[in-house]
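The chains referred to below are lettered A, B, ... by the order of the sequence lines, with proteins before strands, and numbering in each begins at 1.
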Amino acid sequence: MSLRFYNTLSGRVEEFHPLEPPKVRMYTCGLTVYDYAHIGNYRTFVFQDILRRHLKYRGYELLHVMNLTDVDDKTIRNSQAAGTSLRDYTDKYIKAFEVDAQLLNLEAPEIVVRATDHIAAMVKLIETLEAKGFAYRSEGSIYFRVSQFRDYGKLSKLDLEGMRAGARVDSDEYDKANVRDFVLWKAAKEGEPSWETPLGRGRPGWHIECSAMSMKYLGETFDIHSGGSDLIFPHHENEIAQSEAATGKPFVRYWLHAEHLIVNGEKMSKSLGNFFTLRDLVAKGYKPAAIRYLLASVPFRKPLNFTFDGLHQAQQSIERLRNLRYRLTMEKFPAGESSVLQDRARTAVREFEEALDDNLNTAEALAAIFNLVRDANIAMDHGEFRDGDRPVFLDALDRWDRIFAVLEDNDQAKLTKLGFIKPLAKTAGDLIPRQDEAKAAQGDGYTSAVLTEALGEAEIETRIAERNAARRRGDFASADKIRSDLLAAGVILEDTKSGTRWKRK
RNA sequence: GGCGCGGUACCCGAGUGGUAAGGGAGAGGUCUGCAAAACCUUUAUACGGGAGUUCGAUUCUCCCCCGCGCCUCCA
């Protein structure tokens, strides 16, 4: 079966055929960089990452553009409150986002764009809309006349008549001819950032940046546009209106929207105290790989219920997969090959690929790999597994991990490299790791705050050697003491046939 | 009120017009100096409620209840 996606525009699952195969041109709405991103944001970004990885896996040449909105009411308000320039303020949160992306193994898009770097392209697009009669001016601002665009509402399928009845009082201070009209260009206000342009002095409206930047890099019609479901209206609806009004061509062929994340069955909000950034979770000791796994495990069109129990379950699930890989790497098997087993592995690969082809059904893709895990373990335990089967099974895991990206146990290394964790000096009394959640919560210097202090690798290896020496001479009391000390320091030991293995709790 | 997503065992969550994946958790076992871990086996007659269509519905239709999102700048 071919690759299929649910397209918000048609309301159906459709076969995916890019305009110019094997090229795929994709635009994703990234962050508005006024604060640290929260896990709801990352639900969408992990979905987009799975999407881009699978497209590449399927052999497409991907050109993916992601935007960062670095000028809007909130960035302006917060930067002023912080007493820094808009640029400096948004730089900080862009850097923080890049760090988070590394922790979550989010691949970097081919192109990342910032709104304020593309004012000229927006101005040009607005001029086109004015020339074609889709825009009008009012008190220095420029608006899009929705009634002029016949297809308005085709994405969100909103009942515009119904909207009129329930229309809110327009909170904007600008004058519009119709409440449905939206602003393309906002007249400069005293004390706010603005740009001197042929349109006059002002700043862009929210939606115009995505039309201008996507078309600049991807062309007037491109393949995929995605974002959170809340963006369907008004953001993406307005993008369509602006873009198609300006070009007269279809703007985007496949619209993919991720459903929202909720926490413990409730919506996430700061007032409920269930609002988490990635660093909040890291400070609580949760591993980024587990967070990625949890966010990836629920297909993108289903609401995702985020719980700490779920995070724990995700961590356990990852361990199950890593353990198979450990066996495949370290355990001794008889020479030879088993074509039956190798076929089994290839079948699992096909099942997981087909699951992802089916609108990125990650839950089914997980089932496919776990079924293989079980069968591989059975074969090993029954002595049926052969040395020559190793590469096929490792390849199956690796292929799966090209999409899911959670098998490599490098959270500790990444957290250390990024400054979240400080290696502990090798004093026995300091074995217990210290956490400083208060400092973490302050949120200053995202990469410099010390969240946890952890025992260094060399120290752990030394103690394991000491313990094994004690075991050899039958001094189990000493051996057990070392094991429990390490456990208190967050290090778990496992004695396997191929030696002592350790991992972080 | 309108539009959309959802309500599956203790928890998280696939899926199907013919009685339901996978993971976690629980129990038993193997291994181990002991543990832990790992692995194996296993547990539970789970499909929000009602009506209808059908030989047969969890899967289709209608109504109702509940949760979540959007309805002008929120992923």
Peer 1: Tell me: NZ of A:Lys154 to P of B:rG4, nearest whole Å?
Peer 2: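 Spelled out: NZ on A:Lys154 to P on B:rG4 is 18 Å.
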Peer 1: Distances under 3.5 Å between protein N/O atoms and the N/O atoms of nucleotides 68-70 of chain B, please, pair by pair.
Peer 2:
from: B:rC70; atom 1: O2'; to: A:Phe233; atom 2: O; distance (Å): 3.4

Peer 1: Side-chain N or O of A:Asn361 versus OP1/OP2 of B:rG15: is the shortest distance under 4.0 Å?
Peer 2: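 Yes.
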Peer 1: Does a donor on one side chain and an acceptor on the other come within less than 3.5 Å for A:Arg320 and A:Asn377?
Peer 2: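 No donor-acceptor contact under 3.5 Å links the two side chains.
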Peer 1: What's the separation between atom CD in A:Glu237 and atom NZ in A:Lys157, rounded to the nearest 0.5 Å?
Peer 2: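 Going from the CD atom of A:Glu237 to the NZ atom of A:Lys157 covers 8.5 Å.
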Peer 1: I'd like the C1' distance from B:rC12 over to B:rA51, given in whole Å.
Peer 2: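 That atom pair is separated by 32 Å.
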Peer 1: For A:Asp381 and for A:Gln316, find the nucleotide of RNA chain B with the closest heavy atom, then tell me which residue's nucleotide is more 5'.
Peer 2: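 Result of the comparison: A:Gln316.
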Peer 1: Would you call A:Asp358-A:Arg4 a salt bridge at under 4.0 Å N-O?
Peer 2: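 Judged by the 4.0 Å cut-off on N to carboxylate O distance, A:Asp358 and A:Arg4 do form a salt bridge.
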Peer 1: As a test of reading the structure: which of B:rC39, B:rG22, B:rA14 is closest to the side chain of A:Lys302, going by heavy atoms?
Peer 2: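 Closest nucleotide to the A:Lys302 side chain: B:rA14.
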Peer 1: So A:Phe233 and A:Tyr152, would you call those rings parallel, tilted or perpendicular, with 30° and 60° as cut-offs?
Peer 2: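 Correct class here is perpendicular.
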Peer 1: Decide if the gap between the ring center of A:Phe97 and the ring center of A:Phe45 is smaller than 6.0 angstrom.
Peer 2: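 Yes, the ring of A:Phe97 comes within the 6.0 Å limit of the ring of A:Phe45, centre to centre.
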Peer 1: In whole angstrom, give the distance that lies between atom CG of A:Asn274 and atom P of B:rG67.
Peer 2: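 In whole Å, B:rG67 P and A:Asn274 CG are 16 Å from each other.
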Peer 1: Using the C1' atom in both, what is the distance from B:rC60 to B:rC3, to the nearest Å?
Peer 2: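 Here B:rC60 and B:rC3 have their C1' atoms 22 Å from each other.
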Peer 1: Contact class for A:Asp181 (heavy atom, under 4.0 Å): base, sugar-phosphate, or nothing?
Peer 2: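 If one applies the 4.0 Å heavy-atom cut-off, A:Asp181 turns out to touch a base.
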Peer 1: Rounded at 0.5 Å granularity, tell me how far CE in A:Met122 sits from CE in A:Met213.
Peer 2: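 So the gap between those two atoms works out to 5.5 Å.
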Peer 1: Between protein and nucleic acid, restricted to nucleotides 16-21 of chain B and to nitrogen or oxygen atoms under 3.5 Å apart, what atom pairs and distances do you find?
Peer 2:
none

Peer 1: A:Phe333: which residues meet the ring-ring contact (aromatic ring centres under 6.0 Å, His included) condition with it, sequence neighbours left out?
Peer 2: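 In terms of ring-ring contact (aromatic ring centres under 6.0 Å, His included), with neighbours along the sequence ignored, A:Phe333 is linked to A:Phe385.
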Peer 1: Is A:Arg399 close to A:Phe352 at the side-chain level, that is, under 4.5 Å between some pair of heavy atoms?
Peer 2: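 Side chain of A:Phe352 against side chain of A:Arg399, heavy atoms only: contact under 4.5 Å found.
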Peer 1: Quick check for you: among B:rC5, B:rA14, B:rC11, whose closest atom lies nearest to any side-chain atom of A:Arg301?
Peer 2: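 Closest nucleotide to the A:Arg301 side chain: B:rC5.
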Peer 1: Please report, rounded to the nearest Å, how far the P atom of B:rG23 is from the NE2 atom of A:His312.
Peer 2: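 It works out to 15 Å between those atoms.
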Peer 1: Do the side-chain N or O atoms of A:Thr32 get closer than 4.0 angstrom to the phosphate oxygens (OP1, OP2) of B:rC74?
Peer 2: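 Checking B:rC74 against A:Thr32, no side-chain N or O comes under 4.0 Å of OP1 or OP2.
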Peer 1: Under 4.0 Å, counting only non-hydrogen atoms across every strand here, what does A:Gly40 touch: a base, just sugar-phosphate, or nothing?
Peer 2: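 Answer is base: heavy atoms of A:Gly40 come under 4.0 Å of a base.
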Peer 1: Of A:Glu319 and A:Ser297, whose closest RNA chain B nucleotide lies nearer the 5' terminus?
Peer 2: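 The 5'-side residue here is A:Ser297.
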Peer 1: I'd like to know whether the aromatic ring centres of A:His207 and A:His236 sit less than 6.0 Å apart in this structure.
Peer 2: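 Judged by ring-centre distance (under 6.0 Å), A:His207 and A:His236 do not meet the cut-off.
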Peer 1: Give a yes or no on whether a salt bridge exists between A:Lys186 and A:Asp73, defined as a side-chain N under 4.0 angstrom from a carboxylate O.
Peer 2: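 Counted as a salt bridge, because a side-chain N and a carboxylate O are separated by less than 4.0 Å.
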Peer 1: Looking only at side chains, do A:His225 and A:Ser214 share a donor and an acceptor under 3.5 Å apart?
Peer 2: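 No, because no side-chain N or O of A:His225 sits under 3.5 Å from a partner of the opposite role on A:Ser214.
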Peer 1: Does A:Arg292 come within less than 4.0 Å of A:Asp49, counting only side-chain N to carboxylate O?
Peer 2: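 Salt bridge flag = yes for A:Asp49 with A:Arg292.
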Peer 1: Under 3.5 Å, which N/O atoms of the protein pair with N/O atoms of nucleotides 33-36 of chain B?
Peer 2:
from: B:rG33; atom 1: O6; to: A:Arg471; atom 2: NE; distance (Å): 3.4
from: B:rG33; atom 1: N1; to: A:Asp480; atom 2: OD1; distance (Å): 3.1
from: B:rG33; atom 1: N2; to: A:Asp480; atom 2: OD2; distance (Å): 2.9
from: B:rC34; atom 1: O2; to: A:Arg483; atom 2: NH2; distance (Å): 3.0
from: B:rC34; atom 1: N3; to: A:Arg483; atom 2: NH1; distance (Å): 3.1
from: B:rC34; atom 1: N3; to: A:Arg483; atom 2: NH2; distance (Å): 3.3
from: B:rC34; atom 1: N4; to: A:Arg483; atom 2: NH1; distance (Å): 3.4
from: B:rC34; atom 1: N4; to: A:Asp495; atom 2: OD2; distance (Å): 3.4
from: B:rA35; atom 1: N6; to: A:Asp495; atom 2: OD2; distance (Å): 3.1
from: B:rA35; atom 1: N1; to: A:Arg483; atom 2: NH1; distance (Å): 2.9
from: B:rA35; atom 1: N3; to: A:Arg483; atom 2: NH1; distance (Å): 2.8
from: B:rA35; atom 1: N3; to: A:Arg483; atom 2: NH2; distance (Å): 3.3

Peer 1: Taking atom P in both B:rC39 and B:rG23, compute the distance separating them and give it to the nearest angstrom.
Peer 2: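 That atom pair is separated by 10 Å.
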Peer 1: Under a 4.0 Å threshold between the charged nitrogen and the carboxylate oxygen, would A:Lys74 count as salt-bridged to A:Asp72?
Peer 2: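 Not counted as a salt bridge, because no side-chain N and carboxylate O are separated by less than 4.0 Å.
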Peer 1: Classify the nucleic acid contact of A:Ser156 as base, sugar-phosphate or nothing, counting any heavy atom under 4.0 Å across all strands shown.
Peer 2: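 The residue A:Ser156 makes sugar-phosphate contact but no base contact.
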Peer 1: Just checking A:His38: base, sugar-phosphate only, or nothing, at a heavy-atom cut-off of under 4.0 Å?
Peer 2: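 Contact class for A:His38: base.
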Peer 1: Please state whether the phosphate of B:rC74, meaning OP1 or OP2, lies under 4.0 angstrom from any side-chain nitrogen or oxygen of A:Lys74.
Peer 2: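 The answer is yes; a side-chain N or O of A:Lys74 sits under 4.0 Å from OP1 or OP2.
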Peer 1: Whether A:Arg471 and A:Asp495 form a salt bridge (side-chain N of Lys/Arg under 4.0 Å from carboxylate O of Asp/Glu) is what I want to check.
Peer 2: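 Result for this pair is yes, salt bridge flagged.
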Peer 1: Separation of A:Tyr293 atom OH from B:rG24 atom P, in whole Å?
Peer 2: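 Distance, rounded to whole Å: 8 Å.
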Peer 1: Who are the side-chain contact (heavy atoms from CB on, under 4.5 Å) partners of A:Glu461, not counting sequence neighbours?
Peer 2: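 Here the qualifying residues are A:Trp502.
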Peer 1: Suppose you measure atom P in B:rC10 against the same atom in B:rA44; what distance do you get, rounded to whole Å?
Peer 2: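 Result for the P pair: 12 Å, nearest Å.
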Peer 1: On a whole-Å scale, what distance lies between the C1' atoms belonging to B:rG15 and B:rA21?
Peer 2: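 Comparing C1' positions in B:rG15 and B:rA21 gives a spacing of 7 Å.
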Peer 1: Could you tell me whether A:Phe251 and A:Phe222 have their ring centroids closer than 6.0 angstrom?
Peer 2: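 Judged by ring-centre distance (under 6.0 Å), A:Phe251 and A:Phe222 do meet the cut-off.
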Peer 1: Closest approach to the side chain of A:Arg180, judged atom by atom: which nucleotide of B:rA14, B:rU72, B:rA38 is it?
Peer 2: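 My answer, after comparing the listed nucleotides, is B:rU72.
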Peer 1: How would you label the contact of A:Asp309 with the nucleic acid (heavy atoms, under 4.0 Å): base, sugar-phosphate, or nothing?
Peer 2: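 A:Asp309: backbone/sugar contact only, no base atoms under 4.0 Å.
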Peer 1: Mind checking the P distance from B:rC70 to B:rU43? Whole angstroms is fine.
Peer 2: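 One P to the other, the span is 43 Å.
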Peer 1: Is the centre of the A:Tyr36 ring less than 6.0 Å from the centre of the A:Tyr93 ring?
Peer 2: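 Under 6.0 Å, so yes.
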Peer 1: In whole Å, what is the span from the CZ atom of A:Arg501 to the P atom of B:rC31?
Peer 2: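 Interatomic distance, CZ of A:Arg501 to P of B:rC31: 20 Å.
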Peer 1: Quantified in whole Å, what is the P atom distance between nucleotide B:rU58 and nucleotide B:rU19?
Peer 2: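 Each nucleotide's P atom is 12 Å from the other's.
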Peer 1: Looking at B:rC12, B:rC39, B:rU72, which one has an atom nearest to any side-chain atom of A:Arg327?
Peer 2: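 Closest of the options to the side chain of A:Arg327: B:rC39.
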Peer 1: Report the nucleotide, chosen from B:rC73, B:rG23, B:rC5, that has the shortest atom-to-atom distance to any side-chain atom of A:Tyr6.
Peer 2: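 Out of B:rC73, B:rG23, B:rC5, the nucleotide with an atom closest to A:Tyr6's side chain is B:rC5.
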Peer 1: Categorize A:Thr69 for me: base, sugar-phosphate, or nothing, with a 4.0 angstrom heavy-atom threshold over every strand shown.
Peer 2: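 Answer is nothing: A:Thr69 stays at 4.0 Å or more from every strand.
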Peer 1: If you measure from the P atom in B:rG26 to the same atom in B:rC62, how many Å do you get, rounded?
Peer 2: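 Straight-line distance between the two P atoms is 43 Å.
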Peer 1: Measure the distance from NZ on A:Lys189 to C1' on B:rC73 and round it to the nearest whole Å.
Peer 2: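 Result: 13 Å.
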Peer 1: Would you mind reading off the distance between A:Ile378 atom CD1 and B:rA38 atom P, rounded to a whole angstrom?
Peer 2: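 About 17 Å, once rounded to whole Å.
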Peer 1: Could you write out RNA chain B as a dot-bracket string, with dots for unpaired bases, | for bases paired across to another strand, and Watson-Crick or G-U pairs counted at under 3.5 Å?
Peer 2: (((((((..(((.........))).(((((.......))))).....(((((.......))))))))))))....
Peer 1: If I take atom CD in residue A:Gln313 and atom C1' in nucleotide B:rA9, what distance separates them, rounded to the nearest angstrom?
Peer 2: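 One finds 13 Å between C1' of B:rA9 and CD of A:Gln313, rounded.
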